Amino acid sequence: MKLVQIVPRLPPPEEGVGGIALALSSALAERGLLCRFVVPAPHGAAAKKTGLDVTEIALASEALAAALGGAEHVILHYAGYGYHPRGVPFWLAEGLARTDGALCTQFHEVWATGPPWRSSFWLGPRQRRIARAIAERSARITTSLDLYAHLLRSCLADPARDIEIRPVISGIGEVAEPLPFGRRAPRLVLFGGPGVRDRAYRQTPAAIEAAARALGLGEIWDIGPGEAAPPDLGALPIRRLGALPAGEVSTILAESAAGFLAYPLGFLGKSSVFAAYAAHGVLPICAGRPVEQEAGPTAPRAGAQFWEAGASAFSLPSDPAGIAAAARSWYEEHSLAAQAAEIAAWASGSNGDAR
């Protein structure tokens, strides 16, 4: 059986949606389910050169419908801004409406909100209509946050629709048996795209340095594409490795003590960087805006599955090994293997009828 995955961009950086789709493809292949990718131009041409089965399309409903012709099962990775610069991909919703295959939509985003002086205020209603149309078209809906599930239910014709909440998987793979915390290399990893790493260096340099020194970590390994802002971390050395293949990033994380991430704390369930840290048994150290009211029962918790870094100081956790282990246990509840099994069951016909 062959499935189709619709993805905003391939190849990834592996920490993004593209990396999630590729990791899912590998796990599904182990279950006898091969994946073809549909990617908007111009973000699929390079992926073809790597040997992936990729159909690159124009941003038009007719092109999408033609690419999906005959597909029985489709997985859409939805992030509105990935399919349109203003986050309003009407072509995507219209193209899906022209097809008959069973659709599973993973909502990595829903729609934007903001004050009247920002464009998100005016674009939000259109983004909401698109998200609703795609959700109504979907036979299966998953999302990474309880907040997103609540928002989707608020706009559906049937607000009691089942929406499965699954924090995102690691796009760089997982390890079967994480190395014990005490045997890991004393280094702090900053992994992710240039925006993620730049935000950490610009907004929380003191927290990065304080965390590394409190845990006795002698250096920082910076991993990801692009050049993040050069921080002032005192005498703490930074080893810049640039963009690396997923397997190399996985090997480094599997041997590293801790990883740093600057991200809104209530949204960690949608962060593939946090997922990568947790999947490899790394101690996640996170700094960001607390939004606990938006975090549901599936969200990782400060002091339990991650350690919260202060603005300029770091209080050493009493049991860093326990937090790293708890983060790994949290991840295993929705791991790559678990989510691939759910999709395989759906595609086998247990819940494969299109709406």
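Owing to the predicted nature of the structure, the values given are computational and were not obtained by experimental measurement.
We find the CD1-CG distance between Ile285 and Leu188 to be 5.5 Å, quoted to the nearest 0.5 Å. Note that the CD1 atom of Ile343 and the CG atom of Leu24 stand 4.0 Å from one another [nearest 0.5 Å]. Put simply, CZ on Arg240 and CD1 on Ile223 are 12.5 Å apart, with the number rounded to the nearest 0.5 Å. Expressed to the nearest 0.5 Å, how far CZ of Arg197 lies from CG of Leu190 amounts to 8.0 Å. For the atom pair CD1 (Ile6) and CG (Leu64), the distance works out to 5.0 Å, reported to the nearest 0.5 Å. Between the CZ atom in Phe260 and the OH atom in Tyr201 there is a gap of 10.0 Å [rounded to 0.5 Å].
Each of Leu336 and Leu34 belongs to its own hydrophobic cluster when Ile, Leu, Val, Met, Phe, Trp and Tyr are linked at side-chain heavy-atom distances under 4.5 angstrom. Note: the hydrophobic cluster containing Phe191 also contains Val196 (ILVMFWY, side chain heavy atoms under 4.5 Å, direct or indirect links). In terms of hydrophobic clustering, with Ile, Leu, Val, Met, Phe, Trp and Tyr side chains grouped at heavy-atom distances under 4.5 Å, Ile165 and Val17 are assigned to different clusters.
Residues Arg153 and His150 fail the side-chain proximity criterion, which asks for heavy atoms closer than 4.5 Å. By the 4.5 Å heavy-atom criterion applied to side chains, Ile130 and Leu92 are not counted as neighbours. Counting heavy atoms from C-beta outward, Leu156 and Ile163 have side chains that approach closer than 4.5 Å. Under the 4.5 Å side-chain criterion, counting only non-hydrogen atoms from C-beta, Tyr83 is in contact with Pro40. Taking the side chain as every heavy atom from C-beta outward, Gln127 and Glu109 never approach each other to under 4.5 Å. A 4.5 Å side-chain heavy-atom check between Arg128 and Ser154 finds at least one atom pair inside the cut-off. Counting only heavy atoms from C-beta outward, the side chains of Leu265 and Cys286 approach each other to under 4.5 Å. Using a 4.5 Å cut-off on side-chain heavy atoms (C-beta onward), Leu68 and Leu96 make contact.
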query = Could you walk me through whether Tyr263 and Arg199 pass the side-chain contact (heavy atoms from CB on, under 4.5 Å) check?
reply = CA-CA 9 Å; Tyr263 204 83; Arg199 179 170 60 243; 3.6 Å; yes

message = For Arg126 and Phe90: C-alpha separation, side-chain torsions, deciding distance, then whether side-chain contact (heavy atoms from CB on, under 4.5 Å) applies.
response = CA-CA 9 Å; Arg126 282 179 280 175; Phe90 284 106; 4.0 Å; yes

query = Is there a side-chain contact (heavy atoms from CB on, under 4.5 Å) between Val110 and Leu152 once you walk through the steps?
reply = CA-CA 8 Å; Val110 282; Leu152 287 168; 3.8 Å; yes

inquiry  = For Leu151 and Thr143: C-alpha separation, side-chain torsions, deciding distance, then whether side-chain contact (heavy atoms from CB on, under 4.5 Å) applies.
reply    = CA-CA 11 Å; Leu151 291 173; Thr143 189; over 6 Å; no

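For His73 and Trp346, the ring centers are positioned less than 6.0 Å apart. Taking the six-membered ring for Trp and the full ring otherwise, His334 and Tyr331 have centroids separated by under 6.0 Å. When ring centroids are compared, Phe306 and Trp330 stay outside the 6.0 Å threshold.
A distance-only check finds a donor-acceptor pair linking the side chain of Gln305 to the backbone of Arg301 [under 3.5 Å]. Checked by atom type and distance alone, the side chain of Gln339 pairs as donor or acceptor with a backbone atom of Pro167 at under 3.5 Å. At distances below 3.5 Å, not a single donor-acceptor pair connects side-chain atoms of Ser25 with backbone N or O atoms of Ala21. Counting only distance, with no hydrogens or angles, the side chain of Arg98 and the backbone of Ala65 share no donor-acceptor pair below 3.5 Å. Using modelled atom types, one side-chain atom of Arg184 and one backbone atom of Leu179 make a donor-acceptor pair closer than 3.5 Å. Listed for the Tyr277 side chain is no donor-acceptor partner under 3.5 Å among the backbone atoms of Leu253. Using a distance-only test at 3.5 Å, with no hydrogens or angles considered, no donor-acceptor pair links the side chain of Glu219 to the main chain of Arg239.
Side-chain atoms of His108 and Ser144 form no donor-acceptor pair, as typed in the model, at a separation below 3.5 Å. Between the side chains of His77 and Gln5, at least one donor N or O sits under 3.5 Å from an acceptor N or O. Side-chain polar atoms of Thr99 and Arg137 form a donor-acceptor pair below 3.5 angstrom.
The heavy-atom pair separating Arg202 from Pro205 by the smallest distance is O-CD, 3.7 Å. Shortest non-hydrogen contact noted between Ser250 and Val175 is OG-CG1, 4.4 Å. When all heavy atoms are compared, the tightest approach of Ile141 to Ala135 is CD1-O, 3.6 Å. Cys35 and Asp53 get closest at one heavy-atom pair: O-CB, 4.2 Å. Between Pro194 and Gly226, the shortest heavy-atom distance links the atoms CB-CA, 4.4 Å. Minimum interatomic distance between Trp91 and Ile57 (heavy atoms only, all atoms of both residues): CZ3-CD1, 3.9 Å.
Pairs of residues two or more places apart, or lying in two chains, that qualify as side-chain hydrogen bond (donor to acceptor under 3.5 Å, both in side chains) and include a residue from residues 28-38 are Arg36-Thr55. Evaluation of the salt bridge (Lys or Arg N to Asp or Glu O under 4.0 Å) test over residues 173-183, restricted to residues two or more places apart or in two chains, returns none. Sorted by first then second residue, the side-chain hydrogen bond (donor to acceptor under 3.5 Å, both in side chains) pairs that include residues 205-215, not counting sequence neighbours, are Glu209-Arg213. Within the structure, salt bridge (Lys or Arg N to Asp or Glu O under 4.0 Å) pairs that include any residue of residues 243-269 comprise Arg187-Glu255 (at least two apart or interchain). Legend: salt bridge (Lys or Arg N to Asp or Glu O under 4.0 Å) pairs involving residues 76-89, not counting sequence neighbours: none detected.
Look at Arg328 and Glu332 and you find a salt bridge, because one of the NZ, NE, NH1 or NH2 atoms lies within 4.0 Å of a carboxylate O, short of that distance.
Every residue was checked against the side-chain hydrogen bond (donor to acceptor under 3.5 Å, both in side chains) condition with Tyr78, not counting sequence neighbours, and none meets it.
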